[in-house]
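Below you'll find the structure, written out as structure tokens, and then a few comments.
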Amino acid sequence: MKNPAHLIFFQFFTITACFFLATSLAKQNEITKIPQIFREAPKFYNAPYCPSIVDSDDNNNMELVCSMGATHVAMTLDSAYIRGSMAAILSILQHTSCPQNIFLHFVVSASTSSSYLLTTIRASFPYLNFRVYRFHDTAVAGLISTSIRSALDCPLNYARSYLADLLPPCVRRVVYLDSDLVLVDDIAKLAATSLGGDKVLAAPEYCNANFTSYFTPTFWSSPSLSLTFADRKACYFNTGVMVIDLHRWRDGDYTRKIEEWMELQKRMRIYELGSLPPFLLVFAGKIAPVDHSWNQHGLGGDNFRGLCRDLHPGPVSLLHWSGKGKPWVRLDANRPCPLDALWAPYDLLKPPFSFDS
């Protein structure tokens with residue numbers, strides 16, 4: 001039996017931590033009391049060869065959501081990362097051949113007001129096809145263990161584990177994206193990644209990474225736990241860019257499998273890094289590989305200092321500022337890293353004293 005007082009305290013702690021994260025990331029706006037206002041993005045049109053989807057101005061139209069020609073993308077939305085989300089959306093639409101076929105599924109926290117977020121999205125992208133889903137923090141708050149950085153402990157970070165429960169059953173395949181990235185290639189290529197006959201998700205794998213570092217000595221010293229990876233070639237992958245087959249996810253009850261590892265983590269500390277390790281425990285060595293160009297990750301530096309990083313060797317289709325340092329924060333502070341200049345062209349934020357109404 002879980003201790004109700006302990007659960008209430010933990011929920012208060014995680015909500016408080018998320019509040020301070022939002023305050024930190026929007027520090028300049030908070031001090032001056034100037035809300036973030038964004039420009040309207042241009043409208044992008046399909047190439048002649050794009051498959052047709054239902055033409056509707058109603059974002060809740062299920063016929064549009066279930067259209068076979070749509071490319072489905074899921075993202076979370078919150079006030080702390082809204083500036084990054086806006087840049088990510090613009091980059092998706094700008095670089096795809098069929099922008100009118102993009103359908104965005106936004107997951108927002110049910111514990112906070114979403115009116116500002118939705119008004120912002122509609123004002124900057126009036127032609128965007130999207131739906132909004134409210135994620136209840138209580139679904140996961142009692143399972144979250146503190147990690148090495150408080151930003152990783154927000155319940156909304158765990159919403160990616162519940163997409164199969166949130167999105168309509170007719171949506172078979174979805175591309176999940178974090179909010180701190182931009183695409184410079186057609187997302188339809190990523191969405192079309194082959195999952196083979198049995199894979200649930202696809203992501204770029206990094207087999208040269210020190211996989212053991214993602215789990216504690218307690219995990220590796222336990223004979224039963226360390227055997228988790230005995231029959232598979234387990235490689236690190238970043239959960240900020242994933243192609244997911246939601247039908248296979250539901251059939252395999254993978255949300256519950258992830259929760260079981262989180263429950264074990266509450267009893268004995270087996271990892272330190274937020275929502276990533278449970279995904280590795282369930283899927284590492286069992287995913288369809290994606291070219292590394294689709295996740296040039298780590299551009300935000302490490303999870304402590306956010307130092308500048310260089311690109312990995314090879315082509316680039318997606319730039320991902322995973323890690324502590326976010327490009328909009330560093331640009332505002334006049335301490336940008338060189339690669340932050342690649343994010344800046346997608347920034348829709350209006351200057352604080354812009355004459356453009």
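Side chains are part of it too, since the values below use all heavy atoms of this structure and drop only hydrogens, waters and symmetry mates. None of the values given here were measured: they were computed from a predicted structure.
Note on ring orientation: taking the six-membered ring where Trp is involved, the planes of Phe283 and Trp249 are tilted (angle from 30° to 60°). Ring geometry for Phe279 versus Phe237: interplanar angle over 60°, hence perpendicular rather than tilted (30 to 60°).
A distance-only check finds no donor-acceptor pair linking the side chain of Ser222 to the backbone of Phe219 [under 3.5 Å]. Here the side chain of His297 pairs a donor or acceptor atom with the backbone of Asn295 at under 3.5 angstrom.
Results of the salt bridge (charged side-chain N to carboxylate O under 4.0 Å, His left out) test with Lys326 over Asp180, Asp178, Asp347 single out Asp180 as the only residue that passes.
Follow the hydrophobic side-chain contacts under 4.5 Å out from Leu195 and you never reach Leu163; the two are in separate clusters.
Heavy-atom minimum distance, Ala188 versus Asp186: N-OD1, 2.9 Å. Contact record, Ser109 with Arg134: O-NH2, 4.0 Å, taken as the closest heavy-atom pair. Closest approach of Ser114 to Val108, counting heavy atoms only: CB-CG2, 4.1 Å.
Salt-bridge check for Arg330 with Asp340: passed, with a basic side-chain N closer than 4.0 Å to an acidic carboxylate O.
For Arg335, the CZ atom sits in a loose shell: 12 or fewer heavy atoms of surrounding residues, nucleotides or ligands are nearer than 6.0 Å.
In this structure, the side chains of Asp332 and Arg83 come closer than 4.5 Å at one or more pairs of heavy atoms.
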